[in-house]
Asker: 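Let me give you the structure first, and then I'll get to my questions.
Here the structure is a predicted model, which means the values were calculated and not measured. FYI, the numbering just counts along the sequence from 1.
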Amino acid sequence: MNIQQENIQKLVERRAKAKLGGGEKRIEAQHQKGKYTARERIAMLLDEGSFEEYDMFVRHRCNDFGMDKQHFDGDGVVTGCGTVDGRLVYVFAQDFTVTGGSLSKTMSEKICKVMDMALRNGAPCIGLNDSGGARIQEGVDALAGYGEIFERTILASGVIPQISGIFGPCAGGAVYSPALTDFTLMVKNTSYMFLTGPAVVKSVIGEEVTQEELGGASVHATKSGVAHFAAENEEEGIATIKELLSYLPQNNTEEAPRRETADPAGRVDDALNSIIPDNPNKPYDMYAVIRSIVDDGRFFEVHRGYAKNIIVGFAHMNGRSVGIVANQPAMLAGALDINASRKASRFVRCCDAFNIPLVTLVDVPGFLCGTHQEYGAIITNGAKLLYAYGEATVPKVTVTLRKSYGGAHIVMSCKQLRGDINYAWPSANIAVMGADGAVNVLYAKEMKAAATPEEAKAIYDEKKQAYDELFSNPYQAAQKGYIDDVIEPRNTRFRVIRALEQLSGKKQDVPAKKHDNLPL
Ligand code: HXC
């Protein structure tokens with residue numbers, strides 16, 4: 001073997017060793033926990049053979065607490081770029097087999113390097129988290145490393161899509177890394193996120209709680225809303241991230257890719273003409289409407305288990321990626337509450353940041369009332385959604401199916417919030433409030449003064465009928481141009497598609513400012 005061959009042989013050996021991370025025993029332990037390694041996850045995510053790895057030979061620089069004797073090439077994270085369905089992405093995957101994936105200063109430098117590249121080259125950045133947090137032996141260096149990652153995430157926000165997959169522990173301040181990104185996915189039973197773990201919780205407030213109960217995927221996907229997706233296993237988690245990418249552009253100067261479809265743009269669906277029940281208090285399933293109007297009935301839902309009274313997610317319409325926001329009358333009658341407002345406003349802003357048109361389907365009786373909502377700041381939270389729609393400059397097409405009352409009518413992408421095309425079904429009711437509430441407010445005195453309950457009921461019935469005739473339809477709004485057209489439900493798909501085609505060249509400015517001051 002000559003010198004060159006020896007050098008090459010050394011490289012091959014070093015690469016092979018680096019690829020083992022913390023070694024075979026720890027890889028085995030990782031598998032025993034039902035988890036994949038960082039490299040296996042990257043292999044599942046990226047197109048075969050596309051991974052270009054960087055910093056495979058980087059080592060940490062800590063000499064305290066015996067760390068001078070523990071060196072692993074690459075340290076605790078695998079970083080680089082590759083393609084997903086042929087489109088460039090940057091990726092970092094924490095390697096739990098190396099000191100529990102804990103974050104060293106050099107690890108943060110590796111992560112920051114790919115984040116900088118992603119931002120410079122206008123491609124999404126995907127972080128696969130599986131880490132014990134800041135590397136304890138490194139002290140403040142590790143904290144500084146987190147700070148540098150956070151700052152980059154903030155600067156890249158709204159420029160490139162940033163997606164976090166949580167595939168193991170993510171605890172302490174480290175949770176803010178995914179929390180700053182656009183989407184967070186967790187895997188059920190093997191991942192958890194919390195600021196303080198069960199042991200500290202018990203000692204500080206005496207509460208006994210398991211890791212899963214405190215910060216498992218199911219908790220964050222249903223109760224806190226921290227996780228947008230909860231996958232059954234890692235394979236499903238990676239597949240979800242890949243599908244999510246297919247709805248997003250590479251960056252904020254581009255459009256999302258089109259997806260070819262054989263579903264005709266002009267397809268009508270007669271079933272929609274009879275989907276609204278005669279009884280206005282009876283629910284129906286908004287998912288059926290969404291699936292009916294989007295390409296191939298394919299709807300990619302975000303935040304499926306959280307605030308189910310509003311539905312948000314992506315779909316394609318005639319090949320174009322769209323963000324759907326829809327009230328769900330089958331849950332809390334579709335009323336807007338704190339969680340629904342937060343969920344939808346985040347989604348609307350995300351679509352607006354990444355040039356994805358918004359299609360809003362409205363059936364909303366109003367905001368949820370009561371002390372719980374008021375004390376929790378429904379005012380501020382509802383204002384977030386109002387703000388998000390009002391500032392959004394992407395094409396906005398709204399269809400009012402049934403109720404659209406009061407403040408909730410304004411919030412749900414109405415004309416005055418720069419809604420571009422606002423349609424209503426003939427079943428739409430656009431008013432300050434429903435007939436029952438209105439009559440009880442306007443005629444309370446007359447009904448109270450009535451000689452008998454029958455007389456009071458007669459007054460109620462008469463006034464309700466008058467109110468219904470005037471307001472319980474879309475025509476008052478249509479007469480004034482607040483609704484652009486009243487459409488037959490069966491035609492909704494092609495009318496929305498036609499509106500989106502028309503709006504594809506839309507340009508709208510906002511006044512120059514440093515940044516807005518939305519009601520956080
Ligand atoms: C250094 C760590 C580590 C850490 C784990 N390890 N976390 N080393 N710093 N933060 C090491 C372990 O010593 C062990 O090394 C290996 O990783 C695997 O860990 P195990 O404990 O054996 O694994 P497991 O039983 O699965 O438990 C995983 C764990 C636990 C739950 C994550 O390790 C743990 O509680 N770690 C500490 C978590 C923590 O408090 N982190 C700080 C959070 S605060 P060997 O050599 O034995 O295999 C934070 C601040 C961020 O992160 C601030 C940002 C602003």
Asker: Using modelled atom types only, decide if a donor and an acceptor are shared between the side chain of Asp285 and the backbone of Tyr287 within a distance under 3.5 Å.
Answerer: yes

Asker: What heavy-atom pair brings Phe471 and Ala431 nearest, and what distance separates the two atoms?
Answerer: CB-CB, 3.9 Å

Asker: So with a 6.0 Å cut-off around CG of Leu442, is the heavy-atom count from everything else above 12?
Answerer: yes

Asker: Please work out whether the ring planes of His303 and Tyr306 are parallel, tilted or perpendicular, with thresholds of 30° and 60°.
Answerer: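 Geometry flag for Tyr306 against His303: tilted rings.
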
Asker: So with a 6.0 Å cut-off around CD of Gln465, is the heavy-atom count from everything else above 12?
Answerer: no

Asker: What's the separation between atom NZ in Lys464 and atom CD in Glu469, rounded to the nearest 0.5 Å?
Answerer: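 If we round to the nearest 0.5 Å, Lys464:NZ and Glu469:CD are 11.0 Å apart.
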
Asker: Do the non-hydrogen side-chain atoms of Val219 and Leu214 ever get within less than 4.5 Å of each other?
Answerer: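 Heavy-atom side-chain distance check fails, nothing below 4.5 Å.
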
Asker: Would you say the side-chain atoms of Tyr482 and Asn422 include a donor-acceptor pair closer than 3.5 Å?
Answerer: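 No - no donor-acceptor pair under 3.5 Å links their side chains.
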
Asker: Report the C-alpha distance between Asp116 and Arg120 in whole Å, list the side-chain angles of each, state the deciding distance to 0.1 Å, and finish with yes or no for salt bridge (Lys or Arg N to Asp or Glu O under 4.0 Å).
Answerer: CA-CA 6 Å; Asp116 289 343; Arg120 259 197 322 270; 5.3 Å; no

Asker: Check whether any side-chain N or O of Ser404 sits under 3.5 Å from a backbone N or O of Thr400 as a donor-acceptor pair, and report yes or no.
Answerer: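 Not a single qualifying donor-acceptor pair exists.
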
Asker: If you count every heavy atom of other residues, nucleotides or ligands that lies below 6.0 Å from Lys513 atom NZ, does the total exceed 12?
Answerer: yes

Asker: If we ignore hydrogens and angles and just use 3.5 Å, is the side chain of Lys242 paired with the main-chain N or O of Ile238 as donor and acceptor?
Answerer: no

Asker: Work out which heavy atom in Ser177 is nearest to a heavy atom in Ile149; give both atom names and the distance.
Answerer: OG-CG2, 3.8 Å

Asker: For Thr253, does its backbone N or O pair with a side-chain atom of Asn251 as donor and acceptor, under 3.5 Å?
Answerer: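 Yes: the side chain of Asn251 pairs with the backbone of Thr253.
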
Asker: Where do Pro365 and Ala335 come nearest, in terms of heavy atoms and distance?
Answerer: CD-N, 3.7 Å

Asker: Looking only at side-chain N and O atoms, does Asp263 offer a donor or acceptor that is under 3.5 Å from a partner on Thr261?
Answerer: no

Asker: Taking atom CG of Asp278 as the centre, report whether more than 12 heavy atoms of other residues, nucleotides or ligands fall under 6.0 Å from it.
Answerer: no

Asker: Mind checking whether Leu244 and Phe300 have side chains closer than 4.5 Å, heavy atoms only?
Answerer: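 Answer yes - side chains close enough.
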
Asker: Crowded around Lys415 NZ? As in, over 12 foreign heavy atoms under 6.0 Å?
Answerer: yes

Asker: Mind checking the CG-CD1 spacing from Asn491 to Ile293? Nearest 0.5 Å is all I need.
Answerer: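 It comes to 12.0 Å.
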
Asker: Start with the C-alpha gap between Phe194 and Cys170, add the side-chain angles, then the distance that decides, and say whether side-chain contact (heavy atoms from CB on, under 4.5 Å) holds.
Answerer: CA-CA 7 Å; Phe194 37 67; Cys170 183; over 6 Å; no

Asker: Has Gln250 got a side-chain atom pairing as donor or acceptor with Leu88's backbone, closer than 3.5 angstrom?
Answerer: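 At least one qualifying donor-acceptor pair exists.
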
Asker: Given Arg495 and Asp485, is the side-chain contact (heavy atoms from CB on, under 4.5 Å) satisfied, shown in steps?
Answerer: CA-CA 10 Å; Arg495 293 300 295 265; Asp485 199 7; 2.8 Å; yes

Asker: Does any N or O in the side chain of Ser50 come within less than 3.5 Å of the main-chain N or O of Leu46, such that one atom is a donor and the other an acceptor?
Answerer: no

Asker: For the atom pair SG (Cys112) and CZ (Arg152), what is the distance rounded to the nearest 0.5 Å?
Answerer: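 Here the interatomic distance stands at 4.0 Å.
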
Asker: Look only at the side chain of Asn273 and the backbone of Arg490, and say whether a donor-acceptor pair between them is shorter than 3.5 Å.
Answerer: yes

Asker: Below 3.5 Å, can you tabulate the donor-acceptor pairs from side chains in residues 497-507 to any protein atom, sequence neighbours excluded?
Answerer:
{"residue": "Glu501", "atom": "OE1", "partner": "Arg320", "partner atom": "NH2", "Å": "3.4"}
{"residue": "Glu501", "atom": "OE2", "partner": "Asn318", "partner atom": "ND2", "Å": "3.3"}
{"residue": "Ser504", "atom": "OG", "partner": "Glu501", "partner atom": "O", "Å": "2.9"}
{"residue": "Lys506", "atom": "NZ", "partner": "Thr393", "partner atom": "O", "Å": "3.2"}
{"residue": "Lys506", "atom": "NZ", "partner": "Val394", "partner atom": "O", "Å": "3.0"}
{"residue": "Lys506", "atom": "NZ", "partner": "Asp420", "partner atom": "OD1", "Å": "3.3"}
{"residue": "Lys506", "atom": "NZ", "partner": "Asp420", "partner atom": "OD2", "Å": "2.8"}
{"residue": "Lys506", "atom": "NZ", "partner": "Gln508", "partner atom": "OE1", "Å": "3.1"}

Asker: Report yes if the side chains of Asn339 and Ile310 come closer than 4.5 Å at any heavy-atom pair, otherwise no.
Answerer: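 They are not in side-chain contact.
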
Asker: If you define the side chain from C-beta out and look only at heavy atoms, does anything of Glu301 sit under 4.5 Å from Val312?
Answerer: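 Of all side-chain heavy-atom pairs linking Val312 with Glu301, none is under 4.5 Å.
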
Asker: Report the C-alpha distance between Phe314 and Phe347 in whole Å, list the side-chain angles of each, state the deciding distance to 0.1 Å, and finish with yes or no for ring pair (Phe, Tyr, Trp, His ring centres under 6.0 Å).
Answerer: CA-CA 10 Å; Phe314 297 105; Phe347 183 75; 5.0 Å; yes

Asker: Taking the side chain as every heavy atom from C-beta outward, state whether Asn309 and Asn327 have any atom pair closer than 4.5 Å.
Answerer: no

Asker: Quick check: does any side chain N or O of Lys343 sit under 3.5 Å from a backbone N or O of Ala307, one acting as donor and the other as acceptor?
Answerer: yes

Asker: Regarding Asp516 and Arg349, does a basic nitrogen lie under 4.0 Å from an acidic carboxylate oxygen?
Answerer: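 Salt bridge between Asp516 and Arg349, a charged N being under 4.0 Å from a carboxylate O: yes.
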
Asker: Quick one: pull up CZ in Arg346 and SG in Cys351 and give me the separation to the nearest 0.5 Å.
Answerer: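 With rounding to 0.5 Å, CZ (Arg346) is 11.5 Å from SG (Cys351).
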
Asker: Taking atom CZ of Arg87 as the centre, report whether more than 12 heavy atoms of other residues, nucleotides or ligands fall under 6.0 Å from it.
Answerer: yes

Asker: Is the shortest heavy-atom distance from the side chain of Tyr405 to the side chain of Asn429 under 4.5 Å?
Answerer: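 The answer is yes, as the side chains (C-beta and beyond) meet within the 4.5 Å cut-off.
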
Asker: To the nearest 0.5 Å, tell me how far Ile111 CD1 sits from Tyr146 OH.
Answerer: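 Nearest 0.5 Å value for the CD1-OH distance: 7.5 Å.
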
Asker: I'd like to know if the side chain of Asp296 reaches the main chain of Val294, judged simply by a donor and an acceptor atom lying under 3.5 Å from each other, with no hydrogens or angles considered.
Answerer: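 Checking the backbone N and O of Val294 against the side chain of Asp296, no donor-acceptor pair under 3.5 Å is found.
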
Asker: Under 3.5 Å, which donor-acceptor pairs do the side chains of residues 354-362 form with other protein atoms, sequence neighbours left out?
Answerer:
{"residue": "Asn355", "atom": "ND2", "partner": "Asn252", "partner atom": "O", "Å": "2.8"}
{"residue": "Asn355", "atom": "ND2", "partner": "Glu254", "partner atom": "O", "Å": "2.8"}
{"residue": "Thr360", "atom": "OG1", "partner": "Tyr389", "partner atom": "OH", "Å": "2.8"}

Asker: Would a distance-only check, ignoring hydrogens and angles, find a side-chain to backbone donor-acceptor pair under 3.5 Å from His409 to Cys414?
Answerer: no

Asker: Glu374 versus Ile379: any side-chain heavy-atom pair under 4.5 Å?
Answerer: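 Yes, side chains in contact.
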
Asker: Using a 3.5 Å cut-off and no angle test, enumerate the donor-acceptor pairs between side-chain atoms of residues 160-167 and protein atoms at least two apart in sequence or in another chain.
Answerer:
{"residue": "Gln162", "atom": "NE2", "partner": "Thr153", "partner atom": "O", "Å": "2.9"}
{"residue": "Ser164", "atom": "OG", "partner": "Thr181", "partner atom": "OG1", "Å": "2.8"}

Asker: Please report the closest heavy-atom contact between Pro283 and Pro329, naming both atoms and the distance.
Answerer: CB-O, 3.5 Å

Asker: Test side-chain contact (heavy atoms from CB on, under 4.5 Å) on Asp363 and Tyr284; report intermediate values, then the result.
Answerer: CA-CA 10 Å; Asp363 188 347; Tyr284 57 94; 2.6 Å; yes

Asker: Do NZ/NE/NH1/NH2 and the carboxylate oxygens of Asp295 and Arg258 come within less than 4.0 Å?
Answerer: no

Asker: With the side chain counted from C-beta on, respond yes when Ser413 and Val325 share a heavy-atom pair under 4.5 Å apart, and no when they do not.
Answerer: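 Not in contact.
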
Asker: Does the separation of the ring centres of Tyr460 and Tyr443 fall below 6.0 angstrom?
Answerer: no

Asker: Report the C-alpha separation of Phe367 and Ile338 in whole Å, then their side-chain angles, then the decisive distance to 0.1 Å, and conclude whether the side-chain contact (heavy atoms from CB on, under 4.5 Å) test is met.
Answerer: CA-CA 9 Å; Phe367 280 98; Ile338 294 166; over 6 Å; no

Asker: Are there over 12 heavy-atom neighbours, none belonging to Lys308, within less than 6.0 Å of that residue's NZ?
Answerer: no

Asker: Would you give the length of the straight line joining atom CG of Leu185 to atom CD of Glu236, rounded to the nearest 0.5 angstrom?
Answerer: 8.5 Å

Asker: Are more than 12 heavy atoms, taken from residues, nucleotides or ligands other than Gln416, located less than 6.0 Å from that residue's CD atom?
Answerer: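 Yes.
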
Asker: Can a salt bridge be assigned to the pair Arg298 and Glu243 using a cut-off of 4.0 Å between side-chain N and carboxylate O?
Answerer: yes

